[in-house]
Amino acid sequence: MLSLSPRGTASGFWRYAAPVLALALTALTTGALFAAMGRPALLTVTTFLITPLLATGGLEALLVKAAPLVMMGVGLSIAYRANVWNIGAEGQYIFGALAAGGLALALPAAPGWVIVPLLIAAGLVGGAGYALIVAWLRTRFNANEILTSLMLAYVAQYLLVYLVTGPWRDPEGFGFPQTALFSDAAGGPRLIEGSNLHLGLIFAPLIALAAWVMLGRSVLGFQFRVMGQAPRAARFAGFDENRLIWLAMAISGGLAGLAGMFEVTGNQGQLTINLGPGYGFTAIIVGFLGRLHPLGVIPAGLLLALTYLGGDAAQMNLGLSSAITGIFQGILLFCLLGSDVLISHRLQWKRRP
Amino acid sequence: MPPLVELAGITKRFPGCLANDNVSLTIAPRQIHALLGENGAGKSTLVKIISGVLHQDAGQIIWCGTEVTIRDPAHARSLGIGMVFQHFSLFEALTVAENIALGLGTARERVGLRDRIIAVSLSYGLPVDPDRVVHDLSVGERQRIEIVRCLLRNPKLLIMDEPTSVLTPQEAKTLFATLRRLASEGCSILYISHKLDEVRALCDVATIMRQGRVVAHCVPREKTTRELASLMIGRDFLPPASRQASVTGAPRLVVDHLSLAATNPFGTALREVSFSVAGGEILGIAGIAGNGQGELMDALSGEILAPAADTIQLDAIPVGKTGPHGRRRLGGCFVPEERNGHGAVAGMSLAENFFLSGQLRGVLARFGLIRRARTTDFADRVISRFDVRTSGTMAEAKSLSGGNLQKFLVGREMLLDPAVLVVSQPTWGVDASAARAIHQAILALAATGAAIVVISQDLDEIILLADRIAVIAAGRLSDPVPVAEATREQIGLLMGGVASHA
Amino acid sequence: MTALLVSVIASATPLLLAALGALLVEKVAVLNLGVEGMMLVGAIAGFAVAHETGNLPLALAAAIGAGMVMALLFAVLTLTLRANQTATGLALTIFGRGFSALVGAGYVGIAAPTLPRIAIPGLSDLPFVGPILFGHDPLVYVALAMVGAVAWFLYRTHAGLILRAIGDQHDAAHVLGYKVIRIRYLTVLFGGAMAGLAGAYMSLSYTPLWTQDMIAGRGWVALALVTFAAWRPFWLMIGAWLFGGIMYLSLYMQALGVPVPTALLSALPYLGTILVLVLISRDRRRIRLHRPAMLGRPFSAGG
C-alpha cells in the first residue's frame, strides 16, 4: 500500500515543485470532470488555459486582472504568515473602492496630480480602516477573525448595493444601479497610451518586492513569522501580540483597499453593484499558491487571473458557464494542499506488516 | 517457571537514529524488573513496542511461551499488558470514571464500573474519586488513575515509565509498597527509571541500556550505586565536586509578595511568592510538576505582568509591570522549560533563534532591519563555545537533538551577559554529557556574579547546583533554606504541600 | 405572532441542521470551514434530483450524499494528507460555490416539488399552538430530534465518550487504541451529511427554488453558532432560534416598509452574528473550558 513517512527536514525541492504538480493535477482533474459531463476534455482545458493568452489584448487583460490579485495576495500572505486569518479581503476591497469612489465623485474637477495621490490614500485608509474593525473585535473581545472578517464582507456588499442604488446613484443613469462616471484625471495615467494598463500594474510588483524585504529582513517581518509559527515564543521574545494583529490586519486590509481603488478608478471608471469577480476570495488561493511568499504571489496572481479569462473564453467558445472558474480555482487549491504533503513527507510503497 | 515475556533481538530505527539495537531481555512471573538507562538510551522506544504503540523493525516478542505480534495498544491490553505512561494518557476535560471507562475495551468490562473503581482503589491504597474532572487533580492523583485503570483489567505485566519523577519522596514510598504487593499477587512489573537508588531499593533484576543497546543484566542489590551509574553512563562516574558559595552581597533579583490569578482554567494561581537572590548565588526551586512553576517562570520573564511594579525587582529597579523586552534591557535572561515553540521556534534557523531573545542585548537590529552578519556571528559563538552539535547556524532548531538545542538555548542566554538568569528544567530530556555541560555553564555563570534561579523537578539537580532551596507547592513558595541544612524528608513534606515556617 | 414563530422556526432549521453536524465535527477537534460549500452542493443536488425525478426522499438522499462526498474530499486532504484545515475548508467553500453554480445553471428559475407539510387533522387547526407545533415539513422535526439525538449520543453513549476523548487529547486516545483517524473520518462525513440536508431544506422548502449562492453565508453562521453554544447541543437550538429571529426581523421590517433601506436591513443577520460572537467570545475562560483542546490540530499516528 501507499504510505507516508515523515522526512527529517522539509524538502526544498518540493516546496517549489508542489505548485507545479498541483497545476498538472488540476488540469487532469478538470479535464476528467468535463469528460464526465460529456465535454471534450482536452479542448476545454486548452480553451481555458491557453486560448485567452493568444487572443488580441489577452496579455493586457491578464495584467489588469492580475494586479489586484497580486496586491491582495501579498497582503494576505503577510497576515497568514502571522497566523491572522483575514478571509474578508473582499469586504476591505469594497471599502477601498467605496472610499476612493466617493472621493472621486466629490472632486470631479480636481487635476490628476491632486486626485491620484488622494485616491491612493483613500483606498489604503478605506481598506485598512474596515480591516481594523476585525482587529479590534479580535484583540478586544477575542472574536474569531475568520468569522468576523467574512461577515463584514457580506455587510460591505450590502452597503455597496445601498450606496449605488440609493444616495450615490447617477441621477442621469436611467435608474441603473451605478454612479456617475469618474473624471478622466481620477483614472490616473496610462502606462501605454490608449490601453487599460493603470498605475496599479506598477504598484503591484513594487508592493511584492517591498513585502519580501519586510518579511525576510526586517524586525517586524521576523515578529510576524514568529507569531505565526510559535505564538508562545513570540510572547517569550516580548513581541506585542495585539500590535502585530493590528498591523497584519491593517496591511492586508490596506492592500485590499488599494486593489479595490485601482480597480474602480483605473479600470471600471465608476461604482456599480458588481465591483469584480470575487477577487477577495481568489486572492486567498493566490496567497497559498504563492507559498505565502510575496514574490511567489506574482506568478500565482497571473495564473489565477488567467482562470478568469479562461472562464470567459469557455463561456464564449464552448457555451459553458463561467462558473467553471470557481471550480478550477477550488480544485487547484485542493491539489496544492494535497501536493504540499510531499514537502514534509515521503511517499513510499510499503507492504503491510 | 517459564518466563512471562521474552524479548529477542528487538531493533527499531528512526530517521537518523537507531533507537533499539538488538535488545533482548526476559521477565519472570512476579518479578520487578528494572529497565535502567539515561535519557535517550532507548527505554521509551522499547516500552512503546511492548505496549503496541510502535512496531519493531526486527526481533521477536515471546509472551507466555508463544511468539506474538502486538498489533496495537488494545491488543497489548488484551494480552494482559498494562502501561502507566510518563506523560499521562489522560483526558483533562473528562471525569475519572470516564477516563477509566475509555481504557476498558468491552461493554462487559464497564459494568458496575464506579463500584469496582472504588473497590480497587481502596484495596490497593490508591484513593481516587470517580466523579472528579481530571484537570482539577494533582499529578500524583493522575498517576493513581492510570494505575487503577490498569489494575481493573487484571494485568499480567504492568509497565511503569519513570513513575516517581512526578511524586514526592513520601508518595514514592507508598507507590513502592503498592508495587511490591502487586508483584506478590502475581503481576510482573517492568520498572523504567534512571534513578539508581530507587532501582536498588525496589527491583529484583535490572537490564541496563545505553545508546539503544543492552549493556548489562544484573541484580541491582548486589551492585553499588556507583557501579550501576558507570554501567549506565558508560564511563567512570565522577561525583560532582562540591562548590564554594560565591555569594557577593546585594540582592539582584527580589520577588516580594507576588500573587497572580491563574490565566487559564487549568492553571495554578501564585500566592504571596517571596524570595531574593544575590549576585553569585543559585536559588533552586523544587516541586512537583504543575504546582505553579510555569506561572512563576512566566511572571519572572515578564510574559505575564505582575499586578504591581515593585513586586519584582531587578537590581533594585521595579519591573513587575515591564514586559520581557524591558527586563532583558536590565539584564534579565530566561530559559523556559519548553524548548520547541517557547524558547525556540522549531522551523527557524539557529541564527534566527538567536535573534529571538538576543535582539536587544546583542544590538542585532538597526533601522528596523535585522543585522544578519552580526546575528550569525553570535549564533556561531554559541555553537562553538557550548559544543552544540549541528550543521551550522542555518540549521533549523527542530533538526537538533533535545540536548543540543538545550545547550544552544542556555548558551544563547549566557552569551547575552545576564545579570539575572532564570532557567526552568535545564536538563529535562537531555543526555548525560549535555546535562553536565549545562550544569558547568550555570555554575560558571554564577561565579561571575550573576544571580541564578533554577526551577527543576529533579531534586538531585537542585542539590547539585543550588546554594539555597525553596519548594513550590500549589502556587506557594516555602522559605528558602541553605541546601546543606535541608533534608530530603523535609523537602518531600514541602513538595506534598505541608506548610513550613523555617 | 403565530406567523413570527412559524417563520423563526423555519429560518432556524437549516442553521440548526448544519450546526449540529459542525458541532460533532468540532467535538472530535476537526475544524471544517467548508460548511457553506457543502450546503450549496447539497442544495443543488437535492433540487436537481427533485426536479428530475419528483421523488423527494431520493432528493434528500442525494443532498446527503453530495454533502458527504464533499466532506470526504476534506477528510482525505486534512486527515490523510495532513493539509491545513483552515485552507482546505476555504477551498471546499470556493469549490462548492463554483460547482453548484455550474450544475445549477440549468435550474435557475424553474420549479421542483417541495417538501410537504405534515398536517395532522385537528391538531394543526388548533389556534396558535397548532401552526407552531404542527404542520411543518419533516426536516423541521428531524432537526429538533437531532438535537436530542446528538446530545444523547455525546453524553450518554460510550461512542460519544470516545468522540469527546479524541477531541480532548488525540494522542492519549491513540495510545489507548482508538482509531483516531477513522473516527474523525466518520464524524466529518456525518457533518457533510447534515450540511447537505440543510442545503436541501433551503432549496426544497425554505426558498424553495435554486438560485446561485442561495446559502448566503448560512454555513458560516452555523459555524459561529457552534462557538456561541460553547459546543453544547441544546444551546445550539437556542442560538439557531435567535438567528432565525434576526433573519425574520430583517425580512419583516422590509415588508412593513420601515424607513431603512432594504440593503441595509439585509445586512442585519451578519451584523447580528458579529455581535453574538463578540458577546460570547469575550469570556475567554469559558471558551477555553468548553473548546475541544485539540481543535484544528493535525494528528499523526506513530513516530
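Convention: sequence-line order gives letters A, B, ...; per-chain numbering from 1.
By number of non-hydrogen pairs under 4.5 angstrom with chain C, the leading residue of A:I324, A:L337, A:L333 is A:L337. Per-residue heavy-atom pair counts under 4.5 Å with chain A were compared for C:G96, C:P261, C:P269, and the maximum is reached by C:P261. For the set C:A87, C:G106, C:A101, the entry with the most heavy-atom pairs within less than 4.5 Å of chain A is C:A87.
Contacts of C:T93 with chain A are absent, with no heavy-atom separation under 4.5 Å from either backbone or side chain. Interface remark: A:F334 contributes backbone and side-chain atoms alike to the contact with chain C (heavy atom separation under 4.5 Å). Residue contact with chain C, scored on non-hydrogen atoms closer than 4.5 Å, involves the backbone and the side chain of A:I331 alike. Only the side chain of C:T86 comes within less than 4.5 Å of a heavy atom of chain A; its backbone N, CA, C and O stay farther away. In this structure, chain A has heavy atoms under 4.5 Å from both the backbone and the side chain of C:L102. Looking at C:V221, both its backbone and its side chain come within 4.5 Å of chain A, counting heavy atoms on both sides. For C:I280, no part lies near chain A; criterion is any non-hydrogen pair under 4.5 Å. Heavy atoms of A:T139 lying under 4.5 Å from chain C belong exclusively to its backbone. Neither the backbone nor the side chain of A:L160 comes within less than 4.5 Å of any heavy atom of chain C. In this structure, chain A has a heavy atom under 4.5 Å from the side chain of C:T273, while its backbone stays farther away. Contacts between A:L152 and chain C at a heavy-atom distance below 4.5 Å involve backbone atoms as well as side-chain atoms. With a 4.5 Å cut-off on non-hydrogen atoms, C:L92 touches chain A through its backbone and its side chain both.
Across C:V180 and C:H170, no two heavy atoms sit closer than the pair CG2-O, 3.6 Å. Nearest heavy-atom pair across A:M151 and C:G217 is CE-O, 4.2 Å. The two residues A:L23 and A:F328 come nearest to each other via the heavy atoms CD1-CZ, 4.4 Å. Residues A:Y80 and A:N86 share a closest heavy-atom pair of OH-O, 2.9 Å.
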Stepwise, does the side chain to side chain contact (heavy atoms under 4.5 Å, CB included) test hold for A:T148 with A:W136? CA-CA 11 Å; A:T148 55; A:W136 179 65; over 6 Å; no

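Annotation: the span from A:R138 atom CZ to A:E145 atom CD amounts to 4.5 Å, rounded to 0.5 Å. A distance of 5.0 Å separates CE of A:M227 from CD1 of A:I245, quoted to the nearest 0.5 Å.
Note on ring orientation: taking the six-membered ring where Trp is involved, the planes of A:Y154 and C:Y270 are parallel (angle under 30°, cut-offs 30° and 60°).
The aromatic ring centroids of A:Y308 and A:Y279 lie less than 6.0 Å from each other.
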